[in-house]
Amino acid sequence: MKLKVLSVASEAAPLIKTGGLADVAGALPAALAAQGVEVTTLVPGYPAVLAKLGKTKAVHKWDALLGTPARLLAGKLGAQPLLVLDAPALFNREGGPYADASGRDWDDNWRRFAAFARAAADISGGAVKGGAFDLVHAHDWQAGLVPAYLKLASLAGGRVVPSVITIHNMAFQGYYPAETFPHLGLPPEAWHVDAVESYGGVGLLKAGMQLADAITTVSPTYAGEIRSVEFGMGLEGLILARSNRVHGILNGIDAAEWSPATDPHLAARFTATKLAARGKNKRAIEKEFGLDRDDGPLFIVVSRLTWQKGMDVLVGVLDHLVGIGGRLALLGSGDAEIEQAFHAAAARHPGRVGVRIGYDEALSHRLQGGGDAILIPSRFEPCGLTQLYGLAYGCVPVVARTGGLADTVIDANLAALSAGVATGIQMNAVTHNALAMAVSRAVDLFARPAAWRQLQKNGMKADFSWGSSGAAYAALYRQLIEEQG
Ligand code: ADP
Ligand code: GLC
């Protein structure tokens, strides 16, 4: 039986992207098509999305969606169906999806994403003529209220379908003051610890985790980690209470976007048997970042510059990295203080450290295609995609042993090296010393060309396509639909 699933995400590549959620929401529909599941994606109508839409058709209209007029536009995300919630009062703003141009979160994010979730619940139940769904898949706190509306509100469509919520990052919970509750359009009984109430406020992610029929997160290791206080960030009790409903399904990568043999962004395309061509890409990065040309390793970073990503620790290790012959090309943006610290390191080490503050999709591909090793010292990492891109591109990942990084990179210890299975370097803790040691290990291994080539080849051979993860989601959907009967 062909299933129809509504995927509800606040970003989806290539329409709008601030991080890995967009990559996943953008790739999942094609991955699931191969499993006999038709995924329709619902995203908010930010200006960037509306500008990229092309031909659309208005298929539904709300006079007052939580008090705001809105319409639903139908379009395409690649070859798959797309719905866009066009609610100008909520989404037609300059800036990013969640914050204004200066980086300050919009004050009314709770209302923006409550309306988004409410629309999703209406649509899934059949509000749009000819378009009913079998299941809703909600992503992160922005879609956290979808299961709450499904279970507790009376819906325009009338049908209540099963729901799945995926936690892409437990650090972002969408937590708002209790005063917002009366404006959510939920019945009074929803103000309960078994529903949307969370530590005296409204918890959007919490509500989804409480009321969805299944909870998934994006790697098996992270699914275990969030049972602890350190990683659960206040919601570990809920994870434990619902542990028979929690699944860790690893993200895959979209081979149409991320294949070194076909990547249009690269100066030279290459495969595992034609690695020498990477040299041209490396020279291009050196030129672009004003770095010296030499035989030592070129480290890269493509990251949000935040505490999660351990970027504050990396700043402190740069003198060591340069001292032992490494160079760094960094692309990222985030905390102003960390950005400043990287600028200062670049000024201290001309020709050795190059920094681009900003967001640049094409440059991120070029860095993976020419860098020797990508540094990912995350304090926590639900899945992580940049290490997967690194593996696919022969850019050896140097990672913290946490979350999806632990699940996807095989450390080059003696046993793994002699068995010929290593794909990268792991560090045990995100401290100055552990990161400095990991960087030293990378520099030493890089000086052994045959061993390094083996790491690159092993990574490029590893299969992180969506195949088995797509099948895992499809199996979960079918199980939930069957349960509901
Ligand atoms: P997270 O979602 O936590 O930021 P992921 O590794 O899952 O981490 O995904 C990050 C995504 O965003 C990847 O596709 C990565 O290439 C991309 N990315 C991060 N920072 C930048 C940047 N400054 N420019 C371009 N792409 C970036
Ligand atoms: C989040 C996580 C990241 C994950 C991504 C996609 O942004 O921080 O680890 O890869 O979501 O699931």
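Basis for what follows: all heavy atoms, side chains included, without hydrogens, waters or symmetry-related copies. Note that ligands are numbered from 1 as they come in the structure, with each ligand's atoms numbered from 1 the same way.
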Original post:
Which bit of Asn251 gets closer than 4.0 Å to ligand 2, counting heavy atoms only: side chain, backbone, both or neither?
Top reply: side chain
Original post:
If you measure only the distance, is there a donor-acceptor pair under 3.5 Å linking the side chains of Thr18 and Tyr98?
Top reply: no
Original post:
Has ligand 1 got any nitrogen or oxygen that is less than 3.5 angstrom from a nitrogen or oxygen of Asp360?
Top reply: yes
Subject >> Separation between CD1 of Ile425 and CG of Leu455, rounded to the nearest 0.5 Å >> reply: 7.0 Å
**OP:** Would you mind running through ligand 1 and noting each atom that sits below 4.0 Å from a heavy atom of Gly358?
**Re:** 22 (C), 23 (N)
Original post:
So is Gly384 close enough to ligand 2, meaning a heavy atom under 4.0 angstrom away?
Top reply: yes
**OP:** Please determine if Lys309 has a nitrogen or oxygen closer than 3.5 Å to a nitrogen or oxygen of ligand 2.
**Re:** no
Original post:
How about Cys395 and Gln368: do any of their side-chain heavy atoms sit closer than 4.5 Å?
Top reply: yes
Original post:
For ligand 1, which atoms have a heavy atom of Ser303 less than 4.0 angstrom away?
Top reply: 20 (N)
**OP:** Please state whether Lys309 comes within less than 4.0 angstrom of ligand 1, counting heavy atoms only.
**Re:** yes
Original post:
Can you list the atoms of ligand 2 that are under 4.0 Å from a heavy atom of Gly20?
Top reply: 5 (C), 6 (C)
**OP:** Go through ligand 2 atom by atom and flag the ones less than 4.0 Å from a non-hydrogen atom of Val24.
**Re:** 6 (C), 12 (O)
Original post:
What atoms of ligand 1 come within less than 4.0 Å of a heavy atom belonging to Thr386?
Top reply: 6 (O), 13 (C), 15 (C), 16 (O)
Original post:
If you count the atoms of ligand 1 from 1 in the order shown, which ones are under 4.0 Å from a heavy atom of Leu385?
Top reply: 5 (P), 6 (O), 7 (O)
Original post:
Charged N to carboxylate O under 4.0 angstrom, Asp312 versus Arg379?
Top reply: yes
Subject >> Proximal atoms of ligand 2 relative to Gln308 (non-hydrogen, under 4.0 Å) >> reply: 8 (O)
Subject >> Note: Lys282-Asp372 ion pair, threshold 4.0 Å (strictly below) >> reply: yes
**OP:** Tell me which protein heavy atom sits closest to atom 9 (O) of ligand 2, plus the residue, atom name and distance to 0.1 Å.
**Re:** Glu381 OE2, 2.5 Å
**OP:** Check ligand 1 against Gly384 and write out every atom of the ligand that is under 4.0 Å from a heavy-atom position of the residue.
**Re:** 6 (O), 7 (O)
Original post:
For ligand 1, is there an N or O atom under 3.5 Å from any N or O atom of Arg304?
Top reply: yes
Original post:
What's the verdict on side chain to side chain contact (heavy atoms under 4.5 Å, CB included) for Leu32 and Tyr477, showing C-alpha distance, side-chain angles and the deciding distance?
Top reply: CA-CA 11 Å; Leu32 283 162; Tyr477 296 160; 3.5 Å; yes
**OP:** Pull out every atom of ligand 1 sitting under 4.0 Å from any heavy atom of Gly332, numbered as shown with elements.
**Re:** 23 (N)
Subject >> Evaluation steps, side chain to side chain contact (heavy atoms under 4.5 Å, CB included), between Val246 and Ile239 >> reply: CA-CA 7 Å; Val246 178; Ile239 286 288; 4.2 Å; yes
**OP:** Look only at interatomic distance and state if Gly20 has a nitrogen or oxygen under 3.5 Å from any nitrogen or oxygen of ligand 1.
**Re:** yes
Original post:
Taking distance alone, with no angle check, do Asp23 and ligand 1 share an N/O pair under 3.5 Å?
Top reply: yes
Original post:
Under 4.0 angstrom from ligand 1, any heavy atom of Lys17?
Top reply: yes
Original post:
Would you call Arg93 and Asp100 a salt bridge, using N to O less than 4.0 angstrom?
Top reply: no
Original post:
Ion pair present between Glu288 and Arg366, side-chain N to carboxylate O less than 4.0 angstrom?
Top reply: yes
Original post:
When you look at Trp141 and Tyr175, which way does the ring-ring contact (aromatic ring centres under 6.0 Å, His included) test go after all the steps?
Top reply: CA-CA 9 Å; Trp141 67 266; Tyr175 181 75; over 10 Å; no
Original post:
In the protein, what heavy atom is nearest to atom 2 (C) of ligand 2, and what distance, to one decimal place, separates them?
Top reply: His168 O, 3.1 Å
Original post:
Among protein heavy atoms, which sits nearest to atom 21 (C) of ligand 1, and what does the distance come to when rounded to 0.1 Å?
Top reply: Tyr359 CE1, 3.4 Å
Original post:
Would you call Arg245 and Asp213 a salt bridge, taking side-chain N to carboxylate O under 4.0 Å as the test?
Top reply: no
**OP:** State whether the shortest distance between N or O atoms of Val218 and N or O atoms of ligand 2 falls below 3.5 angstrom.
**Re:** no
**OP:** Starting from the C-alpha separation in whole Å, work towards a yes-or-no answer on side chain to side chain contact (heavy atoms under 4.5 Å, CB included) for Glu230 and Phe380.
**Re:** CA-CA 10 Å; Glu230 184 187 353; Phe380 62 94; over 6 Å; no
**OP:** Please state whether the rings of His137 and His139 are parallel, tilted or perpendicular, taking 30° and 60° as the class boundaries.
**Re:** parallel
